[in-house]
Amino acid sequence: MLDRIKALGEGAINEIRASESRQDLEKLRVGLLGKKGELTEILKGLKELDGQMRKEVGREANLLKGKLTRIISQKAEELGQKEVGKSLGMDTGFDFSLPGTELPVGALSPITIVQREIEKIFTGMGFSIVDGPEVEDDFHNFEALNIPEHHPARDMQDTYWLENGQLLRTHTSPCQVRAMFKYGAPLKIIAPGRCFRNENVDASHENTFFQLEGMMIDKNISIANLIYVMKLLLSEVFKRAVKIRLRPGYFPFVEPGFELDLNCLICNGAGCSTCKRSGWIELLPCGMVHPNVLEYANIDPEVYTGFAFGLGLTRLAMMKYGIRDIRVLNSGDLRSLKQFATV
Ligand code: FA5
């Protein structure tokens with residue numbers, strides 16, 4: 001009988017360890033320890049044994065019962081965890097506590113970064129941000145800006161004309177026209193956007209680039225307001241003193257008009273390919289809105305005056321981040337963009 005208990009124990013333990021589901025385990029438990037289980041039957045038969053034998057068999061059978069109960073409950077717990085894991089898709093042998101694979105993180109274009117900075121500066125002063133179409137018509141891009149047909153100023157900006165008579169806007173100034181028509185005066189807007197010119201491309205000229213237009217119209221707006229806002233814009237963007245020069249500039253839609261140049265920050269004014277050896281970068285043309293432009297938009301120039309500017313946003317980003325060649329920005333080369341990743 002003692003041999004039978006030993007064999008029963010060894011066989012049962014192996015089977016318990018090998019069982020793969022809680023149902024199999026339960027069948028084993030019932031077969032061993034249930035009402036009619038093999039070990040239960042042995043225990044029931046103890047009373048038929050005599051003296052010493054009953055004692056020995058009783059002890060071994062009870063020891064085995066305790067051991068099997070313990071092993072079965074451990075195995076049940078293990079199988080239960082596995083089943084829960086399986087239902088969660090964790091039965092792959094994969095360690096879910098391992099740290100994840102790092103995903104590549106994108107970066108904002110330097111143009112977007114400065115654009116957002118400038119938007120913050122101007123919205124802080126109560127300006128609204130407006131938009132306009134990249135495919136424009138002659139009226140908004142030229143005529144309403146005091147550049148009628150055959151005006152020589154049209155040649156200042158080499159235009160991509162479309163077959164239907166429309167054009168790719170050469171500057172963001174049509175956005176000021178649209179804003180004046182839509183909102184009238186007083187008006188405080190900025191309009192960042194992409195512009196297109198049929199130009200020879202070099203280190204500081206692209207055929208596709210960004211400008212940021214600005215316009216303020218109200219009673220008593222003067223050149224002093226214009227100069228103040230231009231200075232504020234540059235000091236906020238560069239966060240340090242930069243050298244600028246203001247010179248007269250001709251744009252048919254402003255009078256007087258100015259060219260505001262920035263001392264080239266790539267060569268510190270010494271002369272390089274970016275500034276075409278001049279030491280200066282044309283950056284921020286501006287001026288007082290021409291009365292004809294106000295009149296075109298049904299704003300009374302006797303009551304209102306205003307200033308406007310057309311910041312070269314792409315060039316500003318180049319100066320701010322030390323980008324020597326404008327072509328890098330449109331190249332789609334992710335290596336240059338990655339340098340601006342903030343995370
Ligand atoms: C204009 O486009 C005027 N609309 C600006 C303006 C607005 C003047 C309101 C007065 C009042 P301009 O052609 O100079 O002006 O261009 C403005 C700026 O855009 C330039 O100073 C330069 O920084 C940038 N820019 C012009 N052409 C290119 C180009 N091909 N590539 C990169 N940036 C350019």
Side-chain angles (χ1 to χ4, degrees), residues 110-111 114-115 118 132 136 140-142 144-147 153-160 167-180 187 189-217 221 223 225-227 229-230 233-234 237 244-265 274-276 278 280-290 292-294 305-320 323-330:
I111 299 172
V114 271
Q115 179 185 323
I118 296 172
E136 261 297 1
H140 291 92
N141 198 83
F142 291 124
L145 288 164
N146 205 24
I147 317 176
R154 287 202 177 198
D155 297 337
M156 287 164 72
Q157 302 176 355
D158 293 318
T159 309
Y160 286 111
L167 53 98
L168 298 185
R169 70 175 175 204
T170 53
H171 50 175
T172 41
S173 297
C175 298
Q176 24 158 312
V177 176
R178 291 180 179 276
M180 280 187 288
L187 184 69
I189 54 108
I190 54 166
R194 201 154 42 160
C195 310
F196 310 86
R197 291 189 196 175
N198 192 0
E199 297 208 19
N200 289 334
V201 171
D202 61 28
S204 56
H205 291 82
E206 254 292 4
N207 48 32
T208 303
F209 58 97
F210 284 81
Q211 286 187 348
L212 186 139
E213 195 78 6
M215 176 175 245
M216 180 171 184
I217 299 174
I221 297 293
I223 293 181
N225 300 111
L226 167 65
I227 305 283
V229 172
M230 298 300 93
L233 164 60
L234 294 174
V237 168
I244 55 163
R245 74 175 181 195
L246 201 62
R247 56 193 170 92
Y250 173 68
F251 302 93
F253 34 96
V254 285
E255 179 56 38
F258 305 100
E259 285 281 6
L260 191 156
D261 304 330
L262 180 74
N263 198 236
C264 180
L265 296 177
T274 314
C275 60
K276 293 226 185 89
S278 71
W280 295 95
I281 291 280
E282 278 182 15
L283 186 69
L284 188 45
C286 51
M288 299 305 291
V289 183
H290 197 290
N292 289 355
V293 172
L294 294 173
T305 48
F307 67 75
F309 62 89
L311 169 71
L313 190 59
T314 304
R315 286 197 191 160
L316 183 72
M318 291 170 70
M319 290 297 111
K320 175 150 175 155
I323 299 165
R324 292 171 174 273
D325 197 311
I326 197 169
R327 287 166 285 204
V328 170
L329 292 162
N330 282 0

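For ligands, and for the atoms within them, numbers begin at 1 and follow the listed sequence.
For the side chain to side chain contact (heavy atoms under 4.5 Å, CB included) with N207, the qualifying choice from N200, N198, V201 is V201, the only one to do so.
Contact residues of ligand 1 (protein heavy atom closer than 4.0 angstrom to a ligand atom; sorted by chain and number): Q157, H171, S173, Q176, R197, E199, S204, H205, E206, F209, Q211, E213, F251, F253, V254, E282, L283, P285, C286, A308, F309, G310, G312, R315, I326.
Here salt bridge (Lys or Arg N to Asp or Glu O under 4.0 Å) pairs that include residues 201-217, with residues two or more places apart or in two chains, are D202-K276.
Aromatic rings from F253 and H171 are positioned such that their centres are separated by under 6.0 Å.
There is no side-chain donor-acceptor pair under 3.5 Å between H205 and R327.
Here the closest heavy-atom approach between residue E136 and residue N141 is recorded as CB-CB, 4.4 Å.
Residues F142 and T159 have side chains in contact (heavy-atom distance under 4.5 Å, counting atoms from C-beta outward).
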